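Each chain gets a letter, A, B and so on, in the order its sequence line appears, and its residues count up from 1. This is a predicted model, so every value here is computed, not measured.
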Amino acid sequence: MVQIIISSSGTGALAQWMLVELQGEVEPRQSGSLAGNLLGDLHYTCEGIPVLIVGHHILYGKIVQLEKPFAVLVKQGGAPQPSPGELQGHYTVAALIKTKLLFKTRPKPIITHVPKKV
Amino acid sequence: SQRSRAEVDVTLQTAKLNPAELLPAVHCLSFGPQASSGQCCLLQLEPGLCAELEAGRSLVIRGEKDEQAVLCSRDKTYDMKIADTSNMLLFVPGCKTPEQLNAEPASCNIIHSQIAGFSNNYWELRRCRPKLKKLRKLLMEDPYEGPDSQKDQTLTFSKYTTEDLLSLIQASEEEILHQLQVIDACKIEGHWRILEFNYEMKLLDHVTQLIDSESWSLNKVPLRTCLEELGSLEPREMIEHILLSYGRKYVDDGEVYFEMREDKICRAIAQMLLQNAVKFNLSEFQEVWQQSVPEGMTTRLDQLKGLALVDKSSRPETIFLLKVEDLPEDNQERFNSLFSIREKWTEVDITPYIQDLCAEKQTVGALLTKYARSSMLNGVKVYNSRRPIS
């Protein structure tokens, strides 16, 4: 039988990260991996509503306290998981996620140039 | 190079957002260097698991290659399943909420946050019954027959320590330890053992005979005297073990006594009688059974729930051994097995044979609704299979 240990890093309190949930997929503008690319600017209104500007879109969202928090697991050993369904080896808990920013509204396009009526 | 505050302000202007309506700090989100590596995954935590991790405790995933994996905390077991979402989930370290931003001195107005990873699925957990049937199966490979056993004691391949059991059984440590207690397992030379039934009955017989010859009350059996009188016949650990299995330990005036468990003793003696034939004439059995139990104990059929079944439809009525622990562990297989033994069951008769299948807040009624079909037979509600049983 396979036994896979998921251990807390143990040194002090666990980090708290945030989840940002977006509709659809995020693709890099140029081909290649996403690493290093900017996603966008995240603002909050004075009322605490998250506003995300991604490319030519404005997304309005809401802050959700997760009823069931997530643990972010990082595989030890370096090799990526072969597929989402397979688990091998040893994982550590990198962080807990108790809050998410949910962007569900249709993005509002930013119009930068309004054509003049001829 | 990182975005500057000036660039952020230009974007705000283009987007026609009024900075006065926004908090001063902005998070510039970018994808970190390892974001696409797929090394991170998300595990959704059931109540209690978050606290376990925050306390520094580990979780363990256990699974045979051909089994569904389970996740175990110290004391609970969960089924694991991948849940897909049509949305993109980004995990961002160092991202602050408005409350956190407002609570801090407004010294910086730009925070560069790197997205550590992203996913469109996560592991989902659901509390489940620990898979403990294997525990009994493993311990039954080599039941302990006593020190005088003719078996080769040097063969150790079928003996299991706690660590061995943890690596073989899909259950949490506490659930395994609790089940070991329930099945009256004992540790002999570091290995968990179940007593071979006839040896167990022999030990019990020594004790009940001593109780009789000493005229002790069944509620006050002294440990010390048992060990003294029986220590020459059997190992002291075994005498104490049988008292612990069939009695409730207490201390009175510094001495250890046992209150003998009438129901458990009667039940064990019934098993001893019933295992010798396929079935018995009920009234004959009841007579022999009452005569076989210690003086002062009364036998009752309800002591045999989950051990034996009465056939009220045969003339004369009969009784036969049917042990719930011999039946399949899976819900559907259990019901198939029960319905192949008997076509129609009353709720009273079937309950002892399905009680252990109930999930955390599930009732026997709910199980019956799901796996059986009810009908009326001679004014009594009975349950039969939903599908034809071959």
Please list, chain by chain and in numerical order, all residues satisfying side chain to side chain donor-acceptor pair (under 3.5 Å) with B:T161, sequence neighbours excluded.
B:D164
In terms of heavy-atom proximity below 4.5 Å to chain B, should A:I97 be classed as side chain, backbone, both, or neither?
side chain
Quick one: which of B:S30, B:G63, B:C95, B:A116 has the most heavy-atom pairs under 4.5 Å with chain A, could you say?
B:G63
Tell me, side chain or backbone of A:A95 under 4.5 Å from chain B's heavy atoms, or both, or neither?
neither
Who wins among B:Q34, B:H27, B:E21 for the most heavy-atom pairs under 4.5 Å with chain A?
B:H27
Flag the one option from A:V74, A:L52, A:V72 with the top tally of heavy-atom pairs under 4.5 Å to chain B.
A:V72
Any donor-acceptor N/O pair, B:E124 side chain to B:I82 backbone, under 3.5 Å
no
Less than 4.0 angstrom from a charged side-chain N to a carboxylate O is my criterion; do B:D75 and B:R57 meet it?
no
Region of B:P33 that comes under 4.5 Å of a non-hydrogen atom in chain A
backbone
Side-chain donor or acceptor of B:E7 paired with backbone N/O of B:S4 under 3.5 Å:
yes
Only distances under 3.5 Å count here; give the side-chain donor-acceptor pairs of residues 62-70 of chain A to other protein atoms, sequence neighbours excluded, each with its distance to 0.1 Å.
| from | atom 1 | to | atom 2 | distance (Å) |
| --- | --- | --- | --- | --- |
| A:Q65 | OE1 | A:T99 | OG1 | 3.4 |
| A:K68 | NZ | B:E46 | OE2 | 2.8 |

Could you tell me if B:E175 and B:T77 have a donor-acceptor pair between their side chains, going purely by distance under 3.5 Å?
yes
Engaged part of A:L96 at the chain B interface, taking heavy atoms whose separation is under 4.5 Å
side chain
Check whether A:V93 gets within reach of chain B through its side chain, its backbone, both or neither, counting any heavy atom under 4.5 Å.
side chain
Name the region of B:S36, side chain, backbone, both or neither, that has any atom closer than 4.5 Å to a heavy atom of chain A.
side chain
For the interface with chain A, which of B:V60, B:L29, B:L17 has the highest count of heavy-atom pairs at distances below 4.5 Å?
B:L29
Heavy-atom cut-off 4.5 Å, strictly under: side chain, backbone, both or neither for B:I169 against chain A?
backbone
For chain B, find which of A:E47, A:Q16, A:K98 contributes the most heavy-atom pairs closer than 4.5 angstrom.
A:K98
When the 4.5 angstrom heavy-atom criterion is applied to B:L168 and chain A, the contacting part is backbone
Taking only Lys NZ, Arg NE, NH1 and NH2, and the carboxylate oxygens of Asp or Glu, determine whether B:R334 and B:D330 approach each other closer than 4.0 Å.
no
Salt-bridge test for B:K96 and B:E104: reply yes if a basic N is under 4.0 Å from a carboxylate O, no otherwise.
yes
Does B:Q13 have more than 12 heavy atoms from other residues, nucleotides or ligands lying within 6.0 Å of its CD?
no
Tell me, side chain or backbone of B:I110 under 4.5 Å from chain A's heavy atoms, or both, or neither?
neither
Using a 3.5 Å distance criterion without hydrogens, assess whether the side chain of B:R193 forms a donor-acceptor pair with backbone atoms of B:M140.
no
Contact part of B:A20 toward chain A, heavy-atom cut-off under 4.5 Å: side chain, backbone, both or neither?
backbone
The interface call for B:I115 against chain A, heavy-atom contacts under 4.5 Å, is side chain
Can you check whether B:P93's main-chain N or O pairs, donor with acceptor, with B:Q114's side chain at less than 3.5 Å?
no
At a heavy-atom separation under 4.5 Å, does B:T97 approach chain A through its side chain, its backbone, both, or neither?
both
